[in-house]
Structures are given as structure tokens and as C-alpha cells.
There are 2 protein chains.
Amino acid sequence: MRISHSRRLEPGSTSRRVYSSLREAIIAGELEPGQRISENELAERLSVSRTPIREALTLLRDERFVQVVPQLGTFVTRISSAAVADAQFVREALECAAVRVAAERADRNDIAALEGLIRRQEEVVAETNYERFALLDDEFHAAICEISGRGFAWEVAQRAKGHLSRVRRLSLPQPNYLSTMVVEHHAVLDALRRGSPDDAEAALRHHLRMVLSAVPALRDEHPDYFEDEEERSA
Amino acid sequence: MRISHSRRLEPGSTSRRVYSSLREAIIAGELEPGQRISENELAERLSVSRTPIREALTLLRDERFVQVVPQLGTFVTRISSAAVADAQFVREALECAAVRVAAERADRNDIAALEGLIRRQEEVVAETNYERFALLDDEFHAAICEISGRGFAWEVAQRAKGHLSRVRRLSLPQPNYLSTMVVEHHAVLDALRRGSPDDAEAALRHHLRMVLSAVPALRDEHPDYFEDEEERSA
DNA sequence: CCCTGTATACTTACATACAAGTGGTAATGA
DNA sequence: TCATTACCACTTGTATGTAAGTATACAGGG
């Protein structure tokens with residue numbers, strides 16, 4: 001529990017700041033899966049009352065980032081393979097549908113913007129900066145959804161991602177991971193340039209499934225981060 | 001504002017009851033688009049304090065069912081054609097992806113269950129009961145997602161639906177609407193029976209787009225329910 | 001008549017107090 | 001030594017109080 005020291009609160013309403021702060025802390029692994037978090041302690045650390053804390057936790061619970069057990073405590077959810085698969089399915093469905101539209105709508109400016117993003121990614125690959133690459137990767141996928149005219153799809157996909165983001169963050173330090181990603185981004189861009197929805201969808205689908213391949217290794221490395229014996233309850 | 005009289009609170013935690021109650025009231029149109037709702041008034045009507053009201057509104061704001069303006073008021077969002085299109089895109093992408101999987105996985109029991117649902121729908125069509133049909137329609141689509149092994153997709157789709165549900169509810173009283181729906185359900189089921197992902201996807205996509213066709217007529221009938229001059233703000 | 005400034009009655013955002021329930025722990029008895 | 005029981009510290013859920021901001025109605029001056 002080192003939120004207040006390591007992470008400054010961004011501008012916005014208090015509860016919004018708390019929400020963003022906690023969400024990022026969970027995805028970044030600063031709050032570990034299974035860890036119990038206390039409303040009172042959070043309120044003290046962040047120097048706010050319990051009310052905005054509770055509002056933030058309400059949202060995080062809705063995203064399955066935390067699990068609230070009445071009169072017992074609030075816990076950071078463990079990563080469930082089933083939940084990861086669910087998130088993958090949602091993201092794949094939404095982004096692949098978006099890229100098909102994008103392939104038909106992308107103009108020269110759109111293509112140029114994507115090329116610029118990939119160039120920046122290549123720079124980051126050279127310096128092996130996982131943190132910045134993750135941001136640029138998100139930008140690339142968001143840009144595709146934006147080109148399709150359905151930026152909302154990216155919002156939903158990112159929302160549903162949940163556990164997926166945590167897995168990705170954990171799985172970054174793998175050999176050739178970043179360079180492989182860039183190659184696949186190129187494949188998607190080529191398909192967009194040709195205006196081929198089928199090729200673009202296939203390339204993106206293949207790309208999106210790369211992340212999943214790392215899950216088994218992660219389970220071996222951090223078995224306590226995963227929780228698969230019990231299904232998600234309503 | 002006739003919540004307390006027309007709608008009983010379901011079991012569950014207080015804030016959860018308030019949330020469900022308000023959500024259904026908005027979708028059903030009991031709370032009209034653009035209407036201002038007061039935390040104090042809601043708390044009084046539902047005989048609870050403002051705290052659970054605020055938690056429910058936090059969730060509803062996240063789903064774009066309400067818009068909260070600080071120090072001014074909370075308003076039921078108007079229906080935006082862009083938001084409806086977004087919801088349609090999300091639903092279409094998720095359910096079409098699910099039905100492809102379902103076409104490959106459905107066994108005799110699954111097909112029989114869907115047949116049973118359609119039979120019940122035919123009964124409801126005979127009595128022209130829009131309310132019950134809406135429930136059975138949801139059950140049908142949820143069942144398809146369930147068969148695909150990705151029930152989560154239905155949860156996300158339903159969440160994203162938002163304004164879409166409100167449009168559907170408004171658009172029900174149209175001639176031959178229900179019988180057309182059943183015919184299209186049959187088409188989807190036939191494709192599933194044949195185990196053809198392509199046909200199932202095509203049939204479902206066609207079916208899902210039926211709802212949208214009613215939007216223009218609705219805008220003419222209830223122009224004050226729609227809000228399209230300003231884009232949704234972050 | 002019109003414009004302007006002010007008081008007021010609302011609103012949400014946040015802080016705090018109280019209630020109800022849980023699990024661990026230590027004391028007590030066999 | 002072990003089982004049982006009562007207690008206590010802690011949790012979240014709910015209620016209420018305080019602060020700050022907005023729109024509106026109204027009075028007064030031009």
C-alpha cells in the first residue's frame with residue numbers, strides 16, 4: 001500500500017482522481033491480486049474521506065478489479081483465466097469489427113498517422129522501454145477504432161479488458177516481444193493500406209492473440225496471482 | 001417521478017436495489033429523457049438515505065443513463081443517435097462473434113432449448129404482449145451467447161446497449177414487429193442447426209439491424225427525447 | 001420598460017457519525 | 001492440552017451534517 005507516495009493524483013473531481021489512481025495501481029501491480037484494501041486506510045493515505053473512496057470502489061467493482069465482501073473487506077481480484085479469455089473475446093470481437101470498417105474508410109491521412117505511430121514504436125523498441133510501448137500500443141489500437149468511426153468500441157474494449165491489461169503488464173519482459181508486436185502492427189497497416197477488410201481482420205486477430213500465449217507461463221511464475229478454482233459469481 | 005408507487009424494490013443490497021430500480025425506470029421511460037432527478041427527492045421516495053442513491057447514480061452515470069452536473073443537478077440523458085449507433089455496433093460485433101462460435105458448439109440440447117424459447121415467443125406474439133416478448137427476446141440472445149461459452153459477451157453487450165434498450169422499448173408498438181422478430185429468430189436457429197457460422201452470423205446481423213430501422217420514426221414522434229446537436233462529452 | 005445586482009432556494013461533493021456483521025484472539029473450563 | 005466461548009478490533013453499509021456552487025426570482029436604479 002504505497003499509493004500516496006508513488007502516485008500523484010491527477011486533476012479532476014476527487015472521486016475521479018481516486019478511481020484513476022486505484023485503477024492504475026491495480027493494473028500496474030502495485031496493489032497485488034488478492035491483497036485486501038481498506039476504505040479507511042485508503043482514505044487516510046489519499047487524504048480524503050471515505051465517500052469518494054467508496055465511489056471509486058463502486059466503479060472498480062463494476063469492472064471486476066476489486067471484490068467487496070460486506071462487513072469483511074475489499075480485495076483486489078485475482079486474475080482468472082476465464083476472465084482473461086472473456087476479455088480477450090470481447091476485445092477481439094470489437095476491434096476486429098472496427099478494423100474491417102477502418103479498412104474501407106481509411107484515407108491517406110489516417111494511414112500516415114498510423115505509420116507515424118509505428119515509427120515511434122520502433123524507436124521505443126530500440127530502447128526496450130516497455131512502459132512507453134504499452135502506451136503507444138494502446139494509441140495504435142485506439143486510432144484504428146477511431147478511424148472506423150466507432151471510438152466508443154475502443155472505450156468498451158478497454159473497459160472490458162480488465163484482467164487482460166494486468167496480464168499484458170506482467171508479460172511484457174519476454175524476448176522479442178516488442179519487435180514481434182511491431183511486425184504485426186505493420187501487417188495490419190499493410191492490409192489497411194490495401195483496403196482489404198478480410199486481411200486486416202485476420203492480421204489483427206492474429207496479433208491480439210499473441211498476448212494470450214503468455215498466460216500459462218505467467219501462471220507458473222505467479223500462481224498466487226491467479227484464481228481459477230471458483231467461477232466468477234454474479 | 002412515480003417510482004415508489006409503481007415499482008417495488010427487488011431483494012439485494014439497498015444500493016443495488018436502487019440501481020436496478022432506477023435503471024429499469026429509465027429504460028421503461030418512466031423517467032423521461034431530459035428530466036431532472038434529485039438525490040434528495042429520490043431518497044425520500046425510496047425511503048433510503050442519499051448515500052445508496054449516490055452509489056446507484058455513479059453506476060448509471062458510467063452507463064450514460066444519467067448525466068451529473070455538479071452543483072446543478074442530475075438529468076436523465078437524452079437519446080443520442082450517435083450513442084444508439086455505438087451501442088448497435090458493440091452489440092452486433094459481440095453477438096455475431098458469439099453466434100459463430102455457437103454454430104460450431106451447439107448440440108441437440110442447445111437447439112432444443114432455443115426451439116422452446118421461440119415457441120414461447122410465438123405464444124406471446126399471439127397475445128401481443130410486448131413486455132413479455134422483450135424478456136423472451138433477451139433470453140434468446142443471452143442463450144446464444146451462453147452456448148458459445150462466452151456469456152460474458154452478453155453482459156457487456158447488454159451493458160453497452162444503454163440507449164438502445166430505450167429505443168427498443170419505445171419502438172415496440174409497430175405492426176408485424178413481433179412476428180417479424182420471430183421469423184428472424186427462426187432463421188438464426190436454422191443456421192445454428194445446420195452448423196453454419198457464416199449463415200448464422202448473417203441472419204443475426206440482419207436481425208439486429210431491424211431495431212435501428214425504427215429510430216427515424218421515433219425521432220419524429222418524440223423529438224424531445226433525442227439529443228443530437230451536441231456530441232457526448234467526456 | 002429594461003437592465004443589473006442581490007438574496008435565496010435549490011443542487012451535488014465531501015466529511016463524518018452510527019449501525020451491523022465478521023474473524024481472530026485470548027481467556028476459561030474440562 | 002484441547003475445546004469452547006466471549007470479547008474486541010476491524011470491516012463495509014447506511015445515515016446525516018457541512019460546504020460550495022448554480023440558476024432564478026425579485027427588487028431597485030437607470
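Order of the sequence lines fixes the chain letters, A, B, ..., with proteins taken first and strands second; residue numbering starts at 1 for each chain.
A donor-acceptor contact under 3.5 Å is not formed by the side chain of Ser13(A) with the base of dA13(C).
Distance Glu44(A) CD to dA15(C) P: 14 Å, rounded to the nearest Å. Going from atom CD of Glu55(B) over to atom P of dC14(C) covers 14 Å, rounded to whole Å. Atom CD1 in Ile53(A) sits roughly 14 Å away from atom P in dG13(D) (whole-Å rounding).
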Using a cut-off of under 3.5 Å, enumerate the N/O to N/O pairs linking the protein to nucleotides 8-12 of chain C.
| unit_1 | atom_1 | unit_2 | atom_2 | d |
| --- | --- | --- | --- | --- |
| dT11(C) | OP1 | Ser38(B) | OG | 3.1 |
| dT12(C) | OP1 | Ile37(B) | O | 3.3 |
| dT12(C) | OP1 | Glu39(B) | N | 3.4 |
| dT12(C) | OP1 | Thr74(B) | OG1 | 3.2 |
| dT12(C) | OP2 | Glu39(B) | N | 3.4 |
| dT12(C) | O4' | Gln71(B) | N | 3.4 |
| dT12(C) | O2 | Gln71(B) | NE2 | 2.8 |

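Close to dT14(D), at under 4.0 Å from its OP1 or OP2, lies a side-chain N or O of Thr14(B). Note on Ser49(A): a side-chain N or O is less than 4.0 Å away from OP1 or OP2 of dA15(C).
The pair Arg16(B)-Glu55(B) fails the salt-bridge criterion, with no side-chain N (NZ, NE, NH1 or NH2) lying under 4.0 Å from an Asp/Glu carboxylate O.
Taking the six-membered ring where the residue is Trp, His141(B) and His207(B) present parallel rings, their angle staying beneath 30° rather than reaching 60°.
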Please step through salt bridge (Lys or Arg N to Asp or Glu O under 4.0 Å) for the pair Arg105(B) and Asp110(B), ending with a clear verdict.
CA-CA 9 Å; Arg105(B) 292 180 37 145; Asp110(B) 295 329; over 6 Å; no
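In this structure, a donor-acceptor pair under 3.5 Å is absent between the side chains of Thr74(A) and Arg54(A). Side-chain contact, Tyr19(A) with Glu24(A): no donor N or O sits under 3.5 Å from an acceptor N or O.
The structure places CZ of Phe89(B) at 9.5 Å from CG of Leu94(B), a figure rounded to the nearest 0.5 Å.
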